[in-house]
Amino acid sequence: MAITPDSSVPAALELRGVSKAFGAVVALTSANLRVDLNSIHALVGENGAGKSTLVKIVAGLYHRDAGDFLLRGESVDFSSTAESKAAGIAVIYQEPTLFPDLSVTENIFMGRQPTNRFGRIDRKAMKVEALRLFERLAVRIDPDRPAEGLSIADQQIIEIAKAISLDARVLIMDEPTAALSGVEVDRLFAVARSLRDEGRALVFISHRFDEVFSLCDTITVMRDGQYISTDPISEVTVDEIVRRMVGRDVTELFPKQEAAIGDVVLSVEGLTQPGVFTDISFTVRSGEIVGLAGLVGAGRSEVVRAVFGVDPYAAGRVIMSGTAVPKNSPSQAMRLGLALVPEDRRKQGLVLESSVARNATMAIRRSLSKLGLIDSHVENKAAAIWSSRLEVKTNALDAEVGTLSGGNQQKVVLAKWLATNPRLLIIDEPTRGIDVGTKAEVHRLLSQLAGEGMAILMISSELPEVLGVADRVLVMREGRLTAEISRTEATAESVMFAATHSQEHAA
Amino acid sequence: MSDTTTLTSPAAPAGQAPGRSYRNYGSSLFRRIFVTREMAVIALLAIVIIVASVSVKNFASPITFSYLLLDTTPILLIALPMTLVIITGEIDLSVASMMGLSSVTVGTLTQAGWPIEVAFVVALVVGVIGGALNGFLITVVGLPSLAVTIGTLALYRGLAVGLLGTTAVTDFPKFWTDIAKAKFAATGIPVVIVPFIILAVVFAVLLHFTSFGRGIFAIGLSSEAAAFSGVHVERTKFILFMLTGVVSAFAGIYYTLRFGSARGDNATGLELSVIAAVLLGGVSIFGGRGALHGVIAGVLLIGVLGSALRLANVSSDVINIITGALLVLSVVSTSFLAWARKRRQRRGGTKKTAVSATAG
Amino acid sequence: ATTSSTPAASGAATGGSGNYAITFVPKNLGNAYFDASDKGGAAAITEFGGKYSEVGPATASPDAQVSFINTLTQQQVGGIVISANDPKAIGDSLNEARAAGIKVVTFDSDTDPSYRDIFINQASPEGIAKSQVDQIASQIGDTGEIAILSASANATNQNAWIDLMKADLAKDHPNIKLDEVVYGDDDDQTSFDKTAALLQSHPDLKGIISPTTVGIAAAARYLSTSSSKGKVALTGLGTPNQMRAYIADGTVTSFALWNPADLGYLAAYADKALIDGTITGKSGDKFTAGKLGSFTVGDKGTVLLGDPTVFNKANIDQFNF
Amino acid sequence: MTTSTRATAPAPLPGRPRGTNAVTETLGRFVRARETGILLALLIVILVTTIKNPTFLFSGDGWRDLLLTPSILVLVAIGQAVVIITRSVDLSVGSVLGLSAFLTGKVFVSFPGMPIIAVFLIGLIFGGVLGLVNGVLVAFARVPALVITLGTLYAYRGINVVWAGSGRINASDLPKEFLALGTGQFLSIPFLAIIALVVLIAAGWFMKNIRGGRELYAIGSDPSAANLYGLKVTRRIIFAFVFSGALAGLAGVLYAARYGTVDSQAGTGFELDAVGAAVIGGVAIVGGSGTVWGAAIGAILLLTINRALPILGVPDFWQQAVVGILIIGAIVLDRVLALRQSRRLIKERDASHV
Ligand SMILES: Nc1ncnc2c1ncn2[C@@H]1O[C@H](COP(=O)(O)OP(=O)(O)OP(=O)(O)O)[C@@H](O)[C@H]1O
Ligand SMILES: Nc1ncnc2c1ncn2[C@@H]1O[C@H](COP(=O)(O)OP(=O)(O)OP(=O)(O)O)[C@@H](O)[C@H]1O
Ligand SMILES: [Mg+2]
Ligand SMILES: [Mg+2]
């Protein structure tokens, strides 16, 4: 598995001095990337470094402003994704993009369904092929169900299946693991390695360094839209990479502060919604960070959505400091001091086409208004407070949130909810898609908020995060709470055991 | 990131040195105010008025504008709540039928000897109920508004026609029919413009300067994200449909008095005029975008164009063609302008240096 | 050129303005009947050297007519000849026009008398109703079930005729039963489908009266292709051009209509007489209308054109309108 | 009873016995289909009306009109459904129909010997061209279809009125054989119904089994995802509008044949009927789901209700109100059935979890 970056063999994919600007926002100034066949190439960089933009240029979705783009040594110029597909490039985008009304199978094969002589789609062949793909990825998804309502994880898996089935020479994966848990990640990696060994070139983008170092052969670092370095993975360390990414030293340690744990703030009693979760009871105290762990699909998000009042539930009670939280009313829940940072920031967390300022003040718009009227100056001022504390990178407060990078979007969601000054902060996958620097900061922030007496309920699929930040860990499996583990007893093993116990396919 | 220690809950004073400072707006004040869809419509309206005043005989007289306002008042009125409904991403096609039903309600009740003032109130209540029925089917039962209001379009019109049959009620107190046509002496400005202005102010404030209005825009852009932010998505829509119902009923009363005639087929087909005007005014049919000043200009533009062309002896069919073409052109031109702007930026883009928020 | 908002001219016309710019406002454009009548008007206006024009809404609604009347007021035409979509709704705008010195003649469909100077009546309502009833009675042997296919539910003239027909049937034709009155809204397709529905819901139907040109043509078209052809009689008011095919194939035996061109012609001359000040619209006023001879204004400012012509196989080919 | 929900994935698939299971599966799919409810409603209307008055179904004219009356709307509704499935809407169909009907008459007036088949082609192509204008504006200008087609609704109608003026086409202007097509029958099935059925089967098959058809669903389901997939979005949207326009054009020819009289207002209001038919038939207005079959059934239901009401003794004036109630009833029923089905799916999923 020798890496030959400067061999005379043309690279599978090469970009040189590529730049791209969106109006006043410059996403890329001079990006380089050289990916060889037979290798998995990591692309890392802070949020907003321009990774996804680079991917979209390769995919033919954006057109570069300047620079060279070579495919197997030949200069290419794609004007649509169809062309890049035809040239043997498959892309898994950062945000899953499925057709909600169509079946899982159709989603995988759209536009290239197997047909018989008369052009009629061969549904049976298509389904068999889909099941084969799922088998390879070791997942269980009904190929006939519509994509509507699938969890993000399942959507991501379908994206992966789709990309694999393209049988492309170059496979680019933009944070494919952000929504996945251990088992699925392992499976994905096994598939990725086998694709590499078949002689393909893969690009892997992730903010998780353990994954990067265990999977990849080469690593390219980007910063502020610029190429920084490319090295064989064996010749660099995590610390070095992180330093190059952010331009200084960062400790990835989670600085857990001890906080005085006080009275019960939230207590959930026997919450049940048939088919989704059953008999969920737990409490969260002020100053306490409770981690909610489990495999993807365990129903954690559904529970907190029900607690917050977005989703219905059939039985049970939610009590906030002695006051019952009414069903199905997020605004009542907010009034009682709840805040929910949802898992799907693009659909649930943000109004993408609205401005940073409008989004950041969305949850406090009532308290901002005087005599029922809202002044946009007040709005902007309020938005600036938390945006600046979280270091949101944006051109101006009236920029559309949708144009921010994924990580910065997540920061806006955080800003929006922290602005409500909640007594209980529920946070679903707080650091999904966030770079290391910001991640450490978010953890510090959570710690600090807890220190000030806020109660925090955190869902996370990243075990180190749960173990590092939580005072107490709740574990869910298949819609039920299966364990409650104190900070001192919580280990990777104990949590995983509770999350997977009795599942046949547990790794 | 030396500032992270200043991260405290917002309860702390805002004055502490933040990590970054932000510009409030990405573009200049001039661009934000004048380079908008709404301003384009207003400019077009001004141009049409100027051109018509110079070139169309008899156009530049106060009487033109008093007729114009008398004629377009129902559309102006209904366009107000319709704008809000469309911004939430819904639509109400039943407004003209509701006008008819309200008109017939006033007619049958006065015919039956009720005092006309009571009949007005009942008609408004009918409007509220009709709007609430729309709202119920759309928000509680969860049906698409286009389908529901196609149904209620038929239902309300059917009730109106059913109630009055072949007759038209034409006996209304002169006091009220005079008010509907009254003008502020000399100026030629109709009195009905007063309730319109009041409503316009109310709706503009509601849409653009309240948290309710913020919710309306959020619902239109992403109702899921709005729900997660505590916006009462269903309640908001329900209220808007009720408002549309009651304003339509009010327009129906005005229509009845203006023409002194309550008939089942009053105002048939007006819904398309209202929607055309709202869209011309720059409201996105997909929801989330639009402003009331643009809508009012849109209504007036269609009205002024119509009266100028009629005065110039252009036949009603050609007026229809022009109205249709204008609607198409106006939306096509915005996307053409956006496309042209993008191209220009793409060409000049590489030379620009990175302009982003300055680090603190 | 600005004019004051309330024209000074008084309503009580002593005439003599000589402004022969006369505009016809039909119920709607694209209607063959009004096409014919307005052509008659145009012919008359050319004869006396006036300026003819025609404006009107695309669909027959009163509010659209009001816009046109207002525009004409602003344009200071000499006269308006209009077929009203509503007896009352367009009244105020007509009165404003009259206050501005414009002479208003209604034809075909009247407004309340207080809103116009003269109404040109195509035929007396009694005459029309009686001729329709007599025709159907003779065609079905004065016994059996019949139905009426009318225009829109609010059409003033239609409703007046229907009421008179009902009275006539009750008085002179006790064996004829009027099952139903349905409304085709002067729309081809609606009238067509209503005819189909009539035949289905009344299997024993013997005859249909359709006192509207659109309705009778649509009904004839349906009958001519259905199994009821020849079994269900059809009569009413229609234009010869539209009905020629159905008279020829035996679907329809006879129908009636006045000559719409004459109606428009007379209306134009009446308006001229008003403009000239020859007449003011009061009962007993006399004027001459070109080739049609002289007419006298009757009760409530009404001028009667004459009796309708009955068309049948024998005479239909002599007419072309 | 079915193998849906969270399939036991890698389980060998072909082990399924053919006969009974396939039948129950088809049956099950039929019972669950969104169109079933509306079909049921249609059958009830026909049944009740026939009981009240047997000639509604059991008489030459009754049977013929049952099939004949909705045929033209069915054609327009099929095109409308295809457009709505791509997340657009075509409000100009009524105006296109009117123009095409008038053109048909004019063609016969100007070229009396014109073969009927050529007139059909002219109508199809003419409608297609008008649809192309819509499609190009919608797809290239990326402007909401509702706005564009509302504009062309006015514009096309205006052109029609300017062209036709007060003129009209009368039955005597049209050849006998052509008029016979409008009402004639073959084996007691009206020609118009046969044409509509052929178009329906072809369109239904295309939408279900051909890549192009499936891509229309994909585009309607999520246009931006369709872009990422590299689907030819622009071309497909234009196709949908051309298809809808062509069917409206064909419907115009048939309109002339059936009604024999065409004036400048022919087809006014057809757009609302067509959209109503599609929506009643379960075509989601937000795109991505529904079938042309549903739209066709919706069209038949709409017009059959119209014809049934007088027979059921609903007075003329109240009929429109009843139609309104029935439209609302139909979509509520559809919704209730859909809810029940998703609840059932959840239950099945629970069962399979245990
Ligand atoms: N369509 C767009 N319009 C305007 N700006 C954009 C657009 N897409 C990306 N950007 C900007 O380009 C920069 C790079 O974004 P990109 O999504 O490539 O970052 P990234 O490296 O993928 O970050 P992350 O790790 O958070 O996903 C950001 O500043 C972003 O705001
Ligand atoms: N493919 C599927 N088919 C049927 N039901 C599913 C499917 N995927 C998820 N579900 C249902 O949704 C529930 C929760 O899914 P989801 O992935 O959102 O859970 P989660 O634990 O919150 O995951 P995350 O780690 O993404 O927060 C599951 O318990 C399951 O009942
Ligand atoms: Mg990214
Ligand atoms: Mg989840």
Side-chain angles (χ1 to χ4, degrees), chain A residues 19 21 23-26 29 63 65-66 224-225 310 330-331 333-334 340 342 347-354 357-358 362-363 365-366 368-369 372-375 377 380-381 384-399 416 418-419 421 437 441 444-445 448-449 452 454, chain B residues 1 3-12 14 16-27 32 205-206 208-215 217-222 224-232 235 288-289 341-342 345-357 359-360:
Chain A
S19 67
V25 184
V26 178
T29 45
H63 199 267
D65 296 335
D224 290 337
V310 181
S331 68
M334 284 162 66
L340 169 65
K347 286 213 181 102
Q348 304 164 340
L350 296 169
V351 178
L352 287 179
E353 291 170 88
S354 197
R358 287 271 175 103
M362 188 76 193
R365 60 191 201 292
R366 285 217 184 78
L368 281 186
S369 52
L373 302 185
I374 292 189
D375 178 359
H377 286 286
N380 284 331
K381 221 180 270 166
I385 298 175
W386 274 103
S387 302
S388 66
R389 286 194 186 150
L390 296 175
E391 302 236 327
V392 174
K393 263 192 217 167
T394 177
N395 189 26
L397 287 175
D398 71 342
K416 162 177 160 182
L418 290 176
N421 194 16
E441 220 179 297
R444 205 179 326 205
L445 177 68
Q448 198 180 350
L449 291 168
E452 287 165 20
M454 192 182 288
Chain B
M1 269 165 222
D3 282 331
T4 45
T5 46
T6 63
L7 286 174
T8 51
S9 72
Q16 295 180 17
R20 278 167 188 278
S21 63
Y22 294 97
R23 290 196 289 146
N24 282 345
Y25 302 102
S27 51
R32 274 181 292 119
V205 168
L206 192 65
H208 296 294
F209 302 102
T210 65
S211 73
F212 185 77
R214 292 285 191 275
F217 281 103
I219 292 169
L221 290 172
S222 166
E224 192 176 359
F228 269 86
S229 308
V231 175
H232 300 280
R235 192 195 296 174
R289 277 168 221 287
R341 201 175 304 142
K342 221 192 228 155
Q345 272 170 2
R346 185 188 288 173
R347 241 182 279 130
T350 42
K351 286 178 207 100
K352 278 186 193 151
T353 44
V355 197
S356 64

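As the structure is a computational prediction, the values presented were derived from the model and not from experiment.
Contact count against chain A (heavy-atom pairs under 4.5 Å) is highest for Glu224(B) among His232(B), Arg289(B), Glu224(B). Ranked by heavy-atom pairs under 4.5 Å with chain B, the first of Leu350(A), Val351(A), Leu352(A) is Val351(A).
Residues Phe228(B) and Gln348(A) share a closest heavy-atom pair of CB-O, 3.3 Å. Between Pro330(A) and Gly230(B), the shortest heavy-atom distance links the atoms CB-CA, 3.9 Å. Contact between Ser229(B) and Lys416(A) at its shortest, heavy atoms only, is OG-NZ, 2.6 Å. The shortest heavy-atom contact between Arg365(A) and Gly215(B) is NE-N, 4.1 Å.
Looking at Arg358(A), the atoms closer than 4.5 Å to chain B (heavy atoms on both sides) all sit in the side chain, from C-beta outward.
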